[in-house]
Amino acid sequence: MLVSGAGIAGTTLAYWLSWHGFRPTVVERGLWQRTSGSPVDVRGPALRVAERMGVLARLRAAATNVTGMRFVDAAGRSVGRVNLRALARATGGGDVELPRGALATILQAASAEHAEFVFGDSIAGLAQDEHGVDVTFDHGRSRRFDLVIGADGLHSAVRRLAFGPDANFVRHLGLYIATVPFNGPIEHRREVVMHNTPGRAVALHPSASGPIAFFAFRRPDLADFNHRDIDQHRTLLAGAYAAGSWRTAELLARAQASEDLYFDAVSRVDVPAWSTGRITLVGDAASCVSLFGDGSSLAMAGAFALAEELAATPDDHRSALRRYEARHRRLVEPRQRGVDQAAHLLIPTTWTGIRARNAATRLWPAAAAAGWLGSRLTTAGRGPRPPHHAPARPAGATSPG
């Protein structure tokens with residue numbers, strides 16, 4: 001089996017495919033794991049996946065350990081706060097927030113001994129028949145695989161080659177986000193500090209590996225947007241934050257000077273069917289929810305479900321792929337419905353909206369705050385089965401450590 005993408009979904013999938021006795025190959029365009037990007041959450045069913053992989057302790061060691069989210073005015077004075085520790089207690093706790101790069105690195109290390117990884121290459125063409133898929137690559141020799149799985153994110157090459165152009169499936173949500181490592185001083189080492197102006201947010205996010213500067217701003221879809229054009233990204237940031245207050249100028253200068261800038265559109269991916277023949281999608285390639293950190297949890301849960309269903313009927317991939325999609329959509333669809341509301345709360349469009357949001361954080365108790373942030377915390381549908389319900393491994397399979 002070929003997995004395109006060595007991110008969260010791809011590395012988790014490689015682990016579980018190997019656990020079930022398959023022999024996965026993972027191809028990744030990059031030469032190494034990306035270190036930038038917003039902190040992400042491992043919660044709900046993804047926590048159980050991580051625990052069964054034996055990596056939960058490593059995830060907790062890399063956690064940001066953020067206890068609150070503080071909103072500040074132009075002078076840096078606190079105008080609202082959400083107690084995330086109390087919120088976690090009210091909702092059962094256990095979630096782990098950590099840098100995306102740390103999560104991907106830990107998952108790759110867990111799967112590295114049990115899958116073939118090919119870095120610095122990508123899929124250029126797909127031609128399938130009843131028995132397999134012929135794959136051509138940008139650099140390597142052509143190969144044939146039983147199945148091809150697109151785990152290559154929002155800008156999936158597999159989806160584009162097998163299902164059609166991005167315009168058919170990707171809906172821009174009117175926001176762009178950027179993150180960059182920040183090595184300057186931060187006042188609150190256990191709290192996210194965010195400053196809003198209408199249609200804009202800028203924040204400092206503590207992290208075990210160093211603070212992260214975060215930008216989010218509203219702008220209509222750009223027809224010529226290129227997610228790999230860092231010069232374009234710097235120009236867009238400069239235009240959006242030219243008149244920024246609080247520490248915006250300082251953070252913007254860091255972003256403009258850094259080579260480790262992450263920048264992308266906030267989008268929703270909606271593919272009517274995730275599989276066509278022997279080609280399927282998982283993670284953001286199938287169902288992106290790219291505003292908060294929930295995409296990583298969904299990617300891990302989806303990868304687990306896909307591997308488990310393939311193992312349940314290894315000689316009937318069509319049935320396995322149908323069951324995987326029906327099972328995982330129950331997790332994905334509630335998250336996708338909540339993205340627009342969450343965006344309005346994180347980046348209000350008016351001063352009135354900002355003041356109302358800030359006032360609400362001061363007045364609501366933890367239970368009400370949990371409702372406000374419920375779209376971040378809701379899990380629904382079927383997650384990983386408990387270990388004693390796991391299907392028997394195919395003959396010859398070994399447990400990956």
Side-chain angles (χ1 to χ4, degrees), residues 38-39 68-82 84 154 170-180 191-205 212-225 227 232-249 251-252 255 262-270 288-295 334-364 368-378:
S38 301
M69 186 170 188
R70 184 180 300 271
F71 300 98
V72 299
D73 63 14
R77 295 183 295 257
S78 180
V79 292
R81 185 179 184 275
V82 176
L84 297 178
L154 171 62
V170 181
R171 183 168 78 85
H172 179 61
L173 297 181
L175 287 168
Y176 290 88
I177 61 170
T179 63
V180 67
E191 294 184 335
V192 179
V193 179
M194 177 174 287
H195 174 61
N196 286 94
T197 53
R200 306 278 188 277
V202 60
L204 277 169
H205 196 303
I212 298 168
F214 169 87
F215 304 83
F217 63 95
R218 295 184 178 276
R219 177 165 181 154
D221 187 20
L222 295 168
D224 63 343
F225 177 68
H227 69 282
Q232 182 190 51
H233 304 165
R234 288 170 174 154
T235 299
L236 290 171
L237 273 178
Y241 291 93
S245 49
W246 184 54
R247 299 180 65 175
T248 300
L251 301 182
L252 180 60
Y262 169 81
F263 188 104
D264 211 339
V266 176
S267 303
R268 179 161 52 214
V269 173
D270 185 11
C288 184
V289 183
S290 65
L291 180 56
F292 293 124
D294 298 298
R335 304 301 307 116
Q336 288 195 322
R337 288 195 296 267
V339 169
D340 289 323
Q341 180 183 7
H344 284 292
L345 291 165
L346 185 68
I347 307 111
T349 57
T350 66
W351 283 114
T352 300
I354 293 170
R355 287 190 289 268
R357 189 274 316 277
N358 294 343
T361 66
R362 296 195 300 270
L363 296 173
W364 288 347
W372 171 54
L373 291 174
S375 62
R376 294 193 66 190
L377 299 162
T378 299

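Nothing fancy with the numbering, it's 1 onward along the sequence.
Interatomic distance, CG of Asp264 versus OG1 of Thr179, reported as 10.5 Å (0.5 Å rounding). In this structure, CG on Leu204 lies 11.5 Å from CZ on Phe214, to the nearest 0.5 angstrom. Summarising the geometry, atom CZ belonging to Phe263 is positioned 12.0 Å from atom CZ belonging to Arg234; distances are rounded to the nearest 0.5 Å. The distance from atom CG of Asp221 to atom OG of Ser267, rounded to the nearest 0.5 Å, is 7.5 Å.
Side-chain contact between Phe217 and Leu237 is present, with heavy atoms from C-beta onward closer than 4.5 Å. Side-chain contact between Val170 and Leu154 is present, with at least one heavy-atom pair separated by less than 4.5 Å. Between Thr349 and Pro198, the closest side-chain pair of non-hydrogen atoms is not below 4.5 Å. Proximity of Glu191 to Arg81: side-chain heavy atoms (C-beta onward) are separated by under 4.5 Å at one or more points.
Residues His227 and Tyr176 keep their aromatic ring centres 6.0 Å or farther apart.
Between Phe215 and Tyr241, the two ring planes are perpendicular [angle over 60°; tilted spans 30° to 60°].
Cation-pi contact between Arg357 and Phe71: present, with separation from the ring centre below 6.0 Å and deviation from the ring axis of at most 45°.
Across Leu346 and Asn196, no two heavy atoms sit closer than the pair O-ND2, 3.1 Å. The two residues Arg219 and Leu236 come nearest to each other via the heavy atoms NH1-CD2, 3.6 Å. Closest approach of Leu251 to Ala203, counting heavy atoms only: CD1-O, 4.1 Å.
Ser78 and Arg70 share a donor-acceptor pair across their side chains, judged by distance under 3.5 Å alone.
In this structure a side-chain-to-backbone donor-acceptor pair under 3.5 Å is missing from Ser245 to Ala74. At distances below 3.5 Å, at least one donor-acceptor pair connects side-chain atoms of His195 with backbone N or O atoms of Val72.
Residues satisfying the salt bridge (Lys or Arg N to Asp or Glu O under 4.0 Å) test with Arg200, not counting sequence neighbours, are none. Not counting sequence neighbours, the partners of Asp73 by the salt bridge (Lys or Arg N to Asp or Glu O under 4.0 Å) test are Arg77.
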